[in-house]
Each structure stands twice: as C-alpha cells, then as structure tokens.
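Chain identifiers are assigned alphabetically (A, B, ...) following the order of the sequence lines, protein sequences preceding nucleic acid strands; residue numbering begins at 1 within each chain.
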2 protein chains.
Amino acid sequence: MAKKQLIMEKALELFAKQGFEATSVQQITDHCGISKGAFYLSFKSKDELIVALIDHFMRQFTADIDFVVSDKNEEDLLYNFYYTAFQSFSKHSDFAKLLMKEPAQSFNEELFSKLHNYNKSLEKVILSMIERLYGDLSKDLKYDLSFCIKGFMSTYSELYLLYKTPIDMDLLSQSLVEKTNLLAKNMTITFIPDELIEIIDQPLIEDTSSEKIVEVIEKNIEDMEDSIEKESLILLKQELLEPALHPAIVKGLLSNIQHHPHCKWAAYLLRKHFEIK
Amino acid sequence: MAKKQLIMEKALELFAKQGFEATSVQQITDHCGISKGAFYLSFKSKDELIVALIDHFMRQFTADIDFVVSDKNEEDLLYNFYYTAFQSFSKHSDFAKLLMKEPAQSFNEELFSKLHNYNKSLEKVILSMIERLYGDLSKDLKYDLSFCIKGFMSTYSELYLLYKTPIDMDLLSQSLVEKTNLLAKNMTITFIPDELIEIIDQPLIEDTSSEKIVEVIEKNIEDMEDSIEKESLILLKQELLEPALHPAIVKGLLSNIQHHPHCKWAAYLLRKHFEIK
DNA sequence: TATAGTAGTGACTAAGCGGTCAATTGTCAA
DNA sequence: TTGACAATTGACCGCTTAGTCACTACTATA
C-alpha cells in the first residue's frame, strides 16, 4: 500500500527533527499533502504509526546484523559487524535519530517491551559473535564485552548523528575492532555475572512460535508483488506448517528472500526456526 | 524557600517515572498536595522548573567530578573518577533517569545549549584527567579515549538505572579502570582527530550565519500551516536577506513566533542575529 | 452516460494542556 | 475582635491535540 509508505517516510522525517510527541498528526498529513482523515485510513492511531516504523526498521537492522554474523568466515567478522551496523545507521539516519531522541522509556508499555526485545535479539547476536571469535577466552567476560561493544556503538553513532560530519566508516570500524580485541584478549575483571543477566532477561518475551512466524510471513506476502521472493515465502510458510522439504531446499529458499527489503525479518525468524547457520 | 524545594523533589520523582512532557503541572501539584496556583508562585513556568532541576544537579555533579580529578594524588585518580561518577548517579538516580529519558535534543534551545555546555565541561575534565594519566601516550588518542570513557559510563549506568539491581560499585569502578588502561596503553588507531573536535565544538553558539538561519527558517515554513506565525517567519526571513524594517517591528515579529513550539530554535537564532534581548 | 462503490476531506468534538486571577483563607498586630 | 495584608486556591481561559464522521470527488464498470 503506497499511502502507508508515504506516511511512514514523511512522518519519520518529522519525528527525526522534532521527536514523536512534538509532531502532530496534522503536521504529518500536511507534510504528505493529504488530509487528516486519509491518515486514519492507513493507521488506526498515531501509536500504530510509531509501532509500524519501529518494527519496519528494527527488523531490517536486526536481520542485517544477524546475516553478517552468520557468515562462515571469521576473518573479518567483527569488522563486518561494526561496518554493517554503522552503514545501517547511516542509511536510515532519520530512524536512528528518532531512536536517539526517544529512549525506550518514553514510550508506552507495548513499545517499551518491543524495543527491549529487539535489544535482546541484538544482544544475542553479539554474544554468539563473541563466543565464535574468542571462545573460552570470553567465558566469564562475554557480557561485559557485549556491553562495551554496545557502548562503543552508541557513543560513536551519537557523534555523527548529532553533528553531521562525514564519517570514514572503514576507519571507524577498524578502530572499534582494535578496541574490542584489546578488551577481549586482556580484560580480567568480570563485572556482569550470569546471575545479573538472568535478572535482566526476565521481562523478555520469547515469541518465535511457528504461529507468530506464519503471521509475519502472511503480512509480508500481502504486501509483495508476484516474484521469486514471494513464491519462496509461500513455500517456506507451507514448510513451517508441514515440514516436507529437504534442508538444502529450505536453505535455498531462504537465500532467495534474504536480500528482499521486506523479508529480512521473516528470513531472520525462519533461519532461527530451521536452525540454519 | 521550602516550597520550591518540595516542588523540585516531587516533580523530579514524576519526571523520572514519566518524563518531562508527559508530566502535567496538575500532577505535580497534586503530588505535592498544593494547588496549581501555588506552583506558579514558586516558578514562572514549567520550563523554569526543569531548568532549575538541571542546573541544581548538573552543577553538583560537575563540581563533584572536578573535585576528584583535581586531587593531587594520581594513584587512584581513574578509580576515584568512576567511583564518584557512579556514586553520584546512584545518589541522584531520579535525576539520572530523567536525563536518560530526555535526551538534550528533546528540550528547547536554551536547555539544549545548557546541557551541551555541561557536557563540554565534563569532557574537559575527562580530557585533563587523560592527559595527566597518560601524557604524550594519549596525544592523538585522547578524544577517542574520552569517548570510550563516556560510552562505558553511559552503558553501565543504563544497566543499573533500568534494572534496579544492587551494584558493587567498587568492582564496577575497578573493571572500568582496567578497560580504560588497556585501551589507553594499547590503542593505535585514531578515529577522532583534532579537526573533528573543532567541528563539534563549533556549531552551537557560533552558528549564526544568515544563510544557516534562512535554511532553518525555510524548513520551518514548509512544515507550518498558514498562520500569523508563518507570516511572521516569512517576513523575518525577508528581513534577514534585505534589512528594511524598524527594529520594533522585528521585535514584534519575533515575539509572534516566540512561543510556537516549532519555531523556538529559529527564534533563538534570530534573536542572536538581531541582537534583541 | 449513469451508477455504485471506494478514496479522500476537513470541520468538528472532547479532552487535556500551561497559565491566570478574582475570590477565599490564614495570620497577626492593634 | 477587628481589619489589613499576604498566602493560597481552583474555576476558568485560550489553545492544541488525537481522533471522528457526514460529506464530496473520483474511478471503473455496465
């Protein structure tokens, strides 16, 4: 639906500039050149719009990162992780600005737990990367290391989202790789023990049940034009309901949809579900 | 004045829980057990209250940190820095939560530059500490190091402000000292050069070239509906390009847009430009 | 061309906001 | 007890907001 996308794009521009609360529906519709009524044909409420925006971009981001981290080659893993993350921030800088302007706590309960879950997904990805890269070396220190990685990402992205200076992303990624390696290989003091993580994890809802994935896929299928990607998605949905295909076929279907911008989240969930690395 | 302090305390509790915008003056006065009118005997506006809160706590925090860093003994300097910072967060956790909930950008221009200045003060203190501790070792890397330090502080404080787990502040400080030392003594890649810092320091106060202001105004005009404010902005833009109006008229036009929620920044820049107090 | 049905409009409502001020209450010296 | 003044109140104002809905404009088929 083209209207929906227009509204999301134009609204995001305003949210990035002024924040969510400070932007009225009237402003959004003016900016789109449509009437207020037309807005409510596409979204039930202003809240539904922000939820849609967050889902749209966070799914893409999480899936992008996960794809990079799933790569077999460990050589440039950390570099690729940082590079992809910052490239994604840069590509969707308006959304990144929105997230910077509106910390999770300023939204309602639903959005808070949503963002919390995305954050947990990212944490999981980072932890799996740490384990692959540093193995036992990182056993007790992995949580501290992942906190440091997230800290690096947040301060350095703030730097260039706030002051629109051109960024040498290659150099930035290299410098963060160096920092991360230094910490991973030389740190000795554990501050975040397993028990603490258990407490933090508590409120997280694990919602990767097959039904949920089918839901996501069906929404995607609706929005897609006929294509190889759509066919692949339909086949994968059937496979989810009644497993029948050879793993190699499933993997092939997954790689078909991997790079379709609207399927990244579905691909991520499916990869987890079928345990394909 | 005791009333003023009561209001600040009770308001901070609500701000920490709900955020500044989401807390109404009515809620604050209810929570204090006073009337709405009484609030305005102590504060001229809701904005004056948040300014008072930020000044009160930021001055304390900056002073605390500066005191520790000014200490002659270099032995435990870094440890004391982290320990004091986290102790201060912990002691004034409601204020820390408020700052977490409300990034500088969500406030008006006065508060934004206020917070920016406090941030600069903190940066200066951190940089002087780095220079004392690591001397020439840190010459090219000092800005990167200070960014890492700020990153550590923000991620780890988020950890315990969000999840109210008891924190071993001694262990936390030790672990951050270790991380900082590792980075300071082994990092080789500079990402933030002097030039970048110059750019960052620049824009806030000195960014009053007419072209820039026109840019800001034009963006505002685009997003506004027809109104007295919009007309005023358009006239002010013309005045910026070709001065023709009487100062009194300019002042009047400025006061027209002063309180429009989306013109505050433009009003600020214009006020500076026309030197109207 | 007539018609049915969808897409789009914008004046409108109710609620909530920051801020004001005439009216009320409290205080204390005379 | 009185009266003058200061402190305090909360109904009220003007304004903005998210959301609604009776209406109109379009479009596609018959």
d([atom1], [X]; [atom2], [N]) in whole Å:
X: B:E21; N: C:dG16; atom1: CD; atom2: P; value: 17 Å
X: B:I28; N: C:dG16; atom1: CD1; atom2: C1'; value: 15 Å
X: A:E48; N: D:dG19; atom1: CD; atom2: C1'; value: 13 Å
X: A:K46; N: D:dT17; atom1: NZ; atom2: P; value: 9 Å
X: B:F43; N: C:dT20; atom1: CZ; atom2: C1'; value: 18 Å
X: B:D30; N: C:dG18; atom1: CG; atom2: P; value: 12 Å

Is there side-chain contact between [X] and [Y], with heavy atoms separated by less than 4.5 Å?
X: A:I28; Y: A:L49; value: yes
X: A:M58; Y: A:F95; value: yes
X: B:I167; Y: B:S90; value: no

Quick one: which protein N/O atoms are closer than 3.5 Å to N/O atoms of nucleotides 6-15 of chain C? Pair and distance per line, please.
residue	atom	partner	partner atom	Å
C:dG8	OP1	A:K3	NZ	2.7
C:dT9	OP2	A:S35	N	2.8
C:dT9	OP2	A:S35	OG	3.0
C:dT9	O5'	A:S35	OG	3.3
C:dG10	O6	A:G37	N	3.4

Are any of the side-chain nitrogens in B:K114 or B:D55 under 4.0 Å away from the carboxylate oxygens of its partner?
->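 Result for this pair is yes, salt bridge flagged.
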At under 4.0 Å between heavy atoms, what does B:T29 touch on the DNA or RNA strands: base, sugar-phosphate, or nothing?
->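 B:T29: no heavy atom of the nucleic acid under 4.0 Å.
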Would a line drawn from the ring center of B:F61 to the ring center of B:F89 be shorter than 6.0 Å?
->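 Between B:F89 and B:F61, which both carry aromatic rings, the centre distance is below 6.0 Å.
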When the aromatic ring centroids of B:F39 and B:F43 are compared, is their separation below 6.0 Å?
->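 So the answer is yes for these two rings.
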Note the angle between the end axes of the helix from C:dT1-D:dA30 to C:dA30-D:dT1, five pairs defining each, rounded to 10 degrees.
->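 The two end axes of the helix from C:dT1-D:dA30 to C:dA30-D:dT1 meet at 10°.
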Check whether any side-chain N or O of B:N117 sits under 3.5 Å from a backbone N or O of B:S113 as a donor-acceptor pair, and report yes or no.
->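 Judged by distance alone, yes, a pair lies under 3.5 Å.
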Exercise: identify the closest heavy-atom pair between A:K3 and A:S42 =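 What the structure gives for the nearest pair is CB-OG, 3.8 Å.
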